[in-house]
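Here is the naming used below: chain letters follow the sequence lines, and residue numbers restart at 1 for every chain.
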Number of protein chains: 2
Amino acid sequence: MNTTQFSIGQIAKQAKCKVETVHYYEKSGLMPEPPRTEGGHRIYSLPHVKRLTFIRRCRELGFSIEQIRGLLKFIDEPNHYCGEVKAMAMLHVREVQQKIDDLQRLQSALNDMVIKCKGADYSIDDCPIIDALYVEQQ
Amino acid sequence: MNTTQFSIGQIAKQAKCKVETVHYYEKSGLMPEPPRTEGGHRIYSLPHVKRLTFIRRCRELGFSIEQIRGLLKFIDEPNHYCGEVKAMAMLHVREVQQKIDDLQRLQSALNDMVIKCKGADYSIDDCPIIDALYVEQQ
DNA sequence: ATAGAACCTGTAGTAGCTATAGGTTCAAGG
DNA sequence: CCTTGAACCTATAGCTACTACAGGTTCTAT
């Protein structure tokens, strides 16, 4: 049995976020209020580290705090099942793909811009970069 | 010579943003304070439409307001040249590519999650989706 | 014992809008 | 010409997801 304990600074480091962000997640109800030392410092253990990591990774995946709250319900209320999580994830797969598509379209616009703009010989009035961003798209 | 004039609602529509956003860009100094009617309504012309479209497209490309302020300096101060804009754009190309890479990594994590999670037969304690988000990455 | 790193709470600030309130002006139809 | 209602005006508050700061306390290592 692992009863290793961690300070807020330690779990923040492990989950790669800031101490203030952990406070914020606690205020938002995503992280529980953990036990404290005599002096009032928060004491965390491994499940907390996992939970915080889960939250941070979800944020990276583009889930909003509200969506994460929804996902965490499946953990906190064991009468829910994985199928619902799967449905949420599948929904999210589409959203993420949309973001990728958008960025790729924008990326090639930028690349075009860089290629078209020959360097230091145009005044801004007919700068291809400025023009590139005014051109209508689909 | 084209002297067509537009209301704020019209340029917002053309640039595909909201009226409030145009107000915001004016407050932020990205859009100039245009002439007004007797009654105080803003009067825009084609250069404004182009400028607003440029700003909106820049935002789509992920440029921050500050970065756009920098780009607009090249328009507003004609002693700057396209080469500097090109440098900024090239810098941004790398940033956008990073975003795409991140999203694609996350996308395949999500896809893995959806595939691994068999549906309604796992309690959350060993839900592969939750596990997928706790696994360390590179 | 003491220095200073890390922690505590609470509040304010950030970006980039978006929404609301409460009023004025404009344009089109009768 | 008059009226109605859409569109405009300013100013302020609210939003998300943090981040930073102030002013104080506790923990840890020497």
Set out, line by line, the N/O atom pairs under 3.5 Å between protein and nucleotides 21-24 of chain D.
none

May I ask you to evaluate whether A:S28 reaches the phosphate of D:dA17, defined as a side-chain N or O under 4.0 Å from OP1 or OP2? no
note: A:Y24, atom OH; D:dA20, atom P; distance rounded to Å ~ 15 Å
Applying side chain to side chain contact (heavy atoms under 4.5 Å, CB included) to B:Q10 and not counting sequence neighbours gives B:F6, B:S7
Chi angles and distances behind the side-chain contact (heavy atoms from CB on, under 4.5 Å) call for A:M31, A:I55: CA-CA 9 Å; A:M31 289 294 288; A:I55 295 167; 3.7 Å; yes
If the sugar-phosphate is the primed atoms plus P, OP1 and OP2 and the base is the rest, what is the B/S/- string for nucleotides 6-12 of chain D, using protein heavy atoms under 4.0 Å? --SSB-B
Short side-chain N/O contact from A:S64 to OP1 or OP2 of D:dT16, under 4.0 Å: no
Whether B:Y25 contacts C:dC17 is assessed here as follows: a side-chain N or O lying under 4.0 Å from the phosphate OP1 or OP2. Is that the case? yes
For the pair made of CE in B:M31 and C1' in C:dG16, what is the distance, rounded to whole Å? 16 Å
Output yes when at least one side-chain N/O atom of B:K18 is less than 4.0 Å from OP1 or OP2 of C:dG16, else no. no
Stepwise side-chain contact (heavy atoms from CB on, under 4.5 Å) test for B:K50 and B:T53: CA-CA 5 Å; B:K50 286 196 180 196; B:T53 305; 5.7 Å; no
Minimum side-chain heavy-atom gap A:Q14-A:L52 below 4.5 Å: no
Among residues two or more places apart or on two chains, list those pairs meeting side-chain hydrogen bond (donor to acceptor under 3.5 Å, both in side chains) that have a residue in residues 26-38 of chain B. B:E26-B:R42
Nearest-angstrom distance from the residue atom CZ of A:R56 to P of D:dT19: 13 Å
What pairs with A:H48 under ring pair (Phe, Tyr, Trp, His ring centres under 6.0 Å), at least two apart in sequence or on another chain? A:Y44
Candidate pair A:E66 and A:R69, rule side-chain contact (heavy atoms from CB on, under 4.5 Å), full reasoning: CA-CA 5 Å; A:E66 269 317 300; A:R69 203 189 306 285; 2.9 Å; yes
Partners meeting side chain to side chain contact (heavy atoms under 4.5 Å, CB included) with B:T21 (sequence neighbours left out): B:C17, B:K18, B:Y25
Length of the CD1-C1' vector between B:I65 and C:dC17, whole Å: 9 Å
Roughly, in whole Å, what's the span from CZ in B:R69 to P in C:dA15? 9 Å
Using only side-chain N and O atoms of B:T37, determine if any of them is under 4.0 Å from OP1 or OP2 of C:dC26. yes
So CG of A:L30 and OH of A:Y24: to nearest 0.5 Å the spacing works out to 8.0 Å
